[in-house]
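Reading through the structure tokens given below for one structure.
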Amino acid sequence: MSQSADDLFLALGTICCGVGPGGSTSMVARVSLVNYRGSIVLDAYVRPTMPVTDYRTPTTGIEAKHLNSESAMHFNAVQSLIAEYIKGKILVGHSLWQDLSVLGVPHPAVATRDVALYMPFRNALQSPNQVVGLQTLVWHLMRRRIQYGKLDSVENARAALDLYRSDSNTWEAAVSSGKWSCALPPSTLLKMLLLIYTP
């Protein structure tokens, strides 16, 4: 790679609240980007674009006051900012297809490093056909505890980045040799992947 890792990589994390009947549809409520060293590039609450029916507060810690505060950003502004930040970057995260979907931002699949889809991690946990949660991956592969208490999108982004860095040389060697070492997202979300990820 001609660029240094510090310039080339960003990690993304999002937290969603629920909209629609029963709050079953996810809408982005908080978005975080960190650089390769884990420093925060962006961390913002997102103003809702439709009525929130479930803030999912017990797990997200998010309440109406967070999304209606003066510091909360409008969705269109967040969407444009994220798209600008990640353009030309390699994006690291866990279940990135979900993050990109709620943001409505496309990104080339070849420029993603999704620790939820990375087969060596799945195989290490003997779960080759399943998406393993970030908390489980971090505990089993790094013996580190995360997500105790409320979800934190900055913590999630940093944890995904640390997982990637733990095997980055092998991962990048596979990419350079044309061997894509990641699975596809769950079949129910494959259409989402094709729509959100650009070739």
Side-chain angles (χ1 to χ4, degrees), residues 1-16 26-46 60 71-118 120-121 131-135 137-138 141-142 144 146-147 151-176 180-185 189 192-193 195-199:
M1 298 177 187
S2 58
Q3 290 179 274
S4 70
D6 287 355
D7 296 327
L8 189 57
F9 287 84
L10 288 172
L12 174 67
T14 63
I15 296 176
C16 293
S26 291
M27 180 176 66
V28 64
R30 182 183 174 190
V31 60
S32 303
L33 274 176
V34 301
N35 64 19
Y36 195 72
R37 296 178 182 272
S39 299
I40 295 172
V41 175
L42 174 70
D43 183 29
Y45 289 107
V46 185
T60 66
S71 61
M73 296 180 64
H74 289 281
F75 175 78
N76 289 344
V78 170
Q79 188 181 51
S80 297
L81 201 54
I82 292 292
E84 184 62 29
Y85 273 130
I86 70 174
K87 185 178 181 181
K89 305 287 187 181
I90 293 177
L91 190 63
V92 179
H94 180 277
S95 300
L96 281 170
W97 69 90
Q98 293 178 343
D99 296 325
L100 293 170
S101 177
V102 294
L103 288 166
V105 176
H107 197 65
V110 71
T112 62
R113 302 292 184 267
D114 196 326
V115 298
L117 301 178
Y118 187 51
F121 289 165
V131 173
V132 180
L134 181 60
Q135 183 183 47
L137 284 173
V138 171
L141 299 176
M142 303 187 74
R144 194 168 100 200
I146 64 167
Q147 297 180 351
L151 293 175
D152 185 327
S153 48
V154 171
E155 179 185 48
N156 289 352
R158 286 173 173 161
L161 184 63
D162 287 344
L163 279 169
Y164 163 76
R165 291 191 302 196
S166 73
D167 202 36
S168 61
N169 290 339
T170 301
W171 199 331
E172 293 308 321
V175 172
S176 296
W180 191 248
S181 51
C182 290
L184 290 174
L189 297 170
M192 182 187 302
L193 170 75
L195 289 174
I196 297 299
Y197 284 19
T198 55

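We use all heavy atoms of the structure for the numbers below, so side chains are in, but hydrogens, waters and symmetry mates are not. Here the structure is a predicted model, which is why all the values come from computation and not from measurement.
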**OP:** Please assess Thr112 against Leu117 for the test side-chain contact (heavy atoms from CB on, under 4.5 Å), listing each intermediate value before the final yes or no.
**Re:** CA-CA 10 Å; Thr112 62; Leu117 301 178; over 6 Å; no

Original post:
Is there a side-chain contact between Ser181 and Trp171 (heavy atoms, below 4.5 Å)?
Top reply: yes

Original post:
Given side chains that start at C-beta, do those of Leu81 and Met73 come closer than 4.5 Å, heavy atoms only?
Top reply: yes

Original post:
Do Ser166 and Leu141 have side-chain heavy atoms sitting under 4.5 Å apart?
Top reply: no

Subject >> Side-chain donor or acceptor of His107 paired with backbone N/O of Lys89 under 3.5 Å >> reply: yes

**OP:** State the OG-CG distance between Ser80 and Leu103, to the nearest 0.5 angstrom.
**Re:** 11.0 Å

Subject >> Candidates Asp43, Asn156, Asp152 - the one meeting side chain to side chain donor-acceptor pair (under 3.5 Å) with Ser32 >> reply: Asp43

Original post:
Which pair of heavy atoms, one from Asp114 and one from Leu96, lies closest together, and at what distance?
Top reply: OD2-N, 2.7 Å

Original post:
Under 3.5 Å, side chain of Gln79 to main-chain N/O of Gly104, donor-acceptor pair present?
Top reply: yes

Subject >> Closest non-hydrogen atom pair between Ala160 and Val92, with its separation >> reply: O-CG1, 3.7 Å

Original post:
How close do Phe75 and Val102 get, heavy atom to heavy atom, and via which atoms?
Top reply: CE1-O, 3.6 Å

Subject >> Close side-chain approach of Asn35 to Phe9, heavy-atom, < 4.5 Å >> reply: no

Subject >> Where Leu91 and Ile86 come nearest, the two heavy atoms and their spacing >> reply: CD1-CG2, 3.8 Å

Original post:
Does any N or O in the side chain of His94 come within less than 3.5 Å of the main-chain N or O of Gln135, such that one atom is a donor and the other an acceptor?
Top reply: no

Subject >> Working for side-chain contact (heavy atoms from CB on, under 4.5 Å), residues Val41 and Leu12 >> reply: CA-CA 10 Å; Val41 175; Leu12 174 67; over 6 Å; no

Original post:
Are Phe121 and Tyr164 side-chain neighbours, meaning at least one heavy-atom pair lies under 4.5 Å?
Top reply: no

**OP:** Please test Leu10 against Val34 for side-chain contact (heavy atoms from CB on, under 4.5 Å), starting from the C-alpha separation and ending with a verdict.
**Re:** CA-CA 6 Å; Leu10 288 172; Val34 301; over 6 Å; no

**OP:** Measure from the side-chain N and O atoms of Arg158 to the backbone N and O of Gly38, and report whether any donor-acceptor pair falls under 3.5 Å.
**Re:** yes

**OP:** Compare every heavy atom of Val31 with every heavy atom of Ser153, then report the nearest pair and how far apart it is.
**Re:** OG-C, 4.4 Å

Subject >> Heavy-atom side-chain proximity of Asp162 to Arg144 below 4.5 angstrom >> reply: yes

Original post:
Just by modelled atom types, is the Ser168 backbone N or O under 3.5 Å from a matching donor or acceptor in the Arg113 side chain?
Top reply: no

**OP:** Would you mind reporting whether Tyr85 and Val105 have side-chain heavy atoms less than 4.5 Å apart?
**Re:** no

Original post:
So, for Cys16 and Thr60, which heavy atoms are closest and what is the spacing to 0.1 Å?
Top reply: O-CG2, 3.6 Å

Original post:
Does the side chain of Val154 reach to within under 4.5 Å of the side chain of Arg30, using non-hydrogen atoms?
Top reply: yes

Subject >> From CA spacing to verdict: side-chain contact (heavy atoms from CB on, under 4.5 Å), Tyr118, Asp167 >> reply: CA-CA 10 Å; Tyr118 187 51; Asp167 202 36; 2.7 Å; yes

